[in-house]
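To start, the structure under review is shown below, and the notes come after it.
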Amino acid sequence: MSDNAILISAVLLCFTSSIVTFYYSKKAAYIHFGIFLLYNPVLFYNLVYNGKYGSSFLWWFYILALNILHFVIMLAWLILYKTKQKK
């Protein structure tokens with residue numbers, strides 16, 4: 001699997017989980033999607049235009065790490081939301 005495929009799958013996973021969050025809470029989904037739109041364009045811009053002399057790996061790693069972290073936070077929120085809803 002190439003590095004671009006890994007990056008695209010992480011971004012799509014985060015985006016898809018944001019859509020799933022929309023079915024449970026619109027307010028939380030808008031917050032997550034807003035955060036998603038804050039850091040991804042900036043990091044992708046830096047990956048494409050400021051990725052010189054090996055620094056593109058740094059931007060690639062930041063995008064991957066933040067998207068995975070964001071996904072884990074959304075997953076934890078969904079689990080907590082569902083467990084509170086059952087009580």
Side-chain angles (χ1 to χ4, degrees):
M1 188 178 247
S2 71
D3 55 346
N4 288 335
I6 294 170
L7 195 61
I8 289 170
S9 56
V11 170
L12 287 177
L13 181 70
C14 191
F15 182 73
T16 307
S17 60
S18 191
I19 292 172
V20 170
T21 306
F22 187 75
Y23 291 116
Y24 295 106
S25 173
K26 290 183 180 18
K27 181 181 176 184
Y30 286 134
I31 291 170
H32 283 293
F33 194 65
I35 293 170
F36 179 81
L37 287 177
L38 280 176
Y39 67 83
N40 269 323
V42 172
L43 292 176
F44 271 109
Y45 175 83
N46 285 322
L47 175 69
V48 173
Y49 295 109
N50 293 334
K52 299 175 186 162
Y53 311 114
S55 67
S56 60
F57 177 71
L58 179 70
W59 297 114
W60 180 86
F61 178 76
Y62 284 159
I63 294 169
L64 186 66
L66 283 175
N67 278 294
I68 290 173
L69 178 68
H70 196 169
F71 172 73
V72 168
I73 289 170
M74 280 194 287
L75 187 65
W77 180 86
L78 281 172
I79 291 170
L80 288 174
Y81 184 79
K82 291 301 282 184
T83 55
K84 284 184 180 180
Q85 204 175 38
K86 288 182 181 180
K87 291 182 181 179

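Fair warning: this is a prediction, and the values are worked out from it, not measured in the lab. Residue numbers count from 1 along this sequence.
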Apart from Tyr30 itself, residues in the same hydrophobic cluster as defined by side-chain heavy atoms under 4.5 Å |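 Once heavy-atom contacts under 4.5 Å are chained together, Tyr30 belongs with Phe22.
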
Cluster companions of Tyr49 among Ile, Leu, Val, Met, Phe, Trp, Tyr (side-chain spacing under 4.5 Å) |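 Members alongside Tyr49: Tyr45, Val48.
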
Gap between atom [atom2] of [Y] and atom [atom1] of [X] - 0.5 Å precision:
X: Leu47; Y: Ile63; atom1: CG; atom2: CD1; answer: 4.5 Å
X: Ser56; Y: Asn46; atom1: OG; atom2: CG; answer: 11.0 Å
X: Trp59; Y: Leu7; atom1: CH2; atom2: CG; answer: 13.5 Å
X: Ile31; Y: Ser18; atom1: CD1; atom2: OG; answer: 10.5 Å

With hydrophobic residues grouped by side-chain heavy-atom distances under 4.5 Å, do [X] and [Y] end up in a single group?
X: Phe36; Y: Val42; value: no
X: Phe61; Y: Val11; value: yes
X: Leu37; Y: Ile19; value: yes
X: Phe33; Y: Leu12; value: no
X: Leu43; Y: Ile8; value: no

Test log, rule side-chain contact (heavy atoms from CB on, under 4.5 Å), inputs Trp60 and Ile6 = CA-CA 10 Å; Trp60 180 86; Ile6 294 170; 4.1 Å; yes

All N/O donor-acceptor pairs, side-chain side in residues 70-81, below 3.5 Å, sequence neighbours left out:
residue: His70; atom: ND1; partner: Tyr39; partner atom: OH; Å: 2.9
residue: His70; atom: NE2; partner: His32; partner atom: ND1; Å: 3.1
residue: Tyr81; atom: OH; partner: Tyr24; partner atom: O; Å: 3.1

Given side chains that start at C-beta, do those of Asn67 and Asn40 come closer than 4.5 Å, heavy atoms only?
->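 Yes, side chains in contact.
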
Inspect the surroundings of CZ in Phe15 and state if more than 12 heavy atoms from other residues, nucleotides or ligands are less than 6.0 Å away.
->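 No, the 6.0 Å shell around CZ holds no more than 12 heavy atoms from other groups.
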
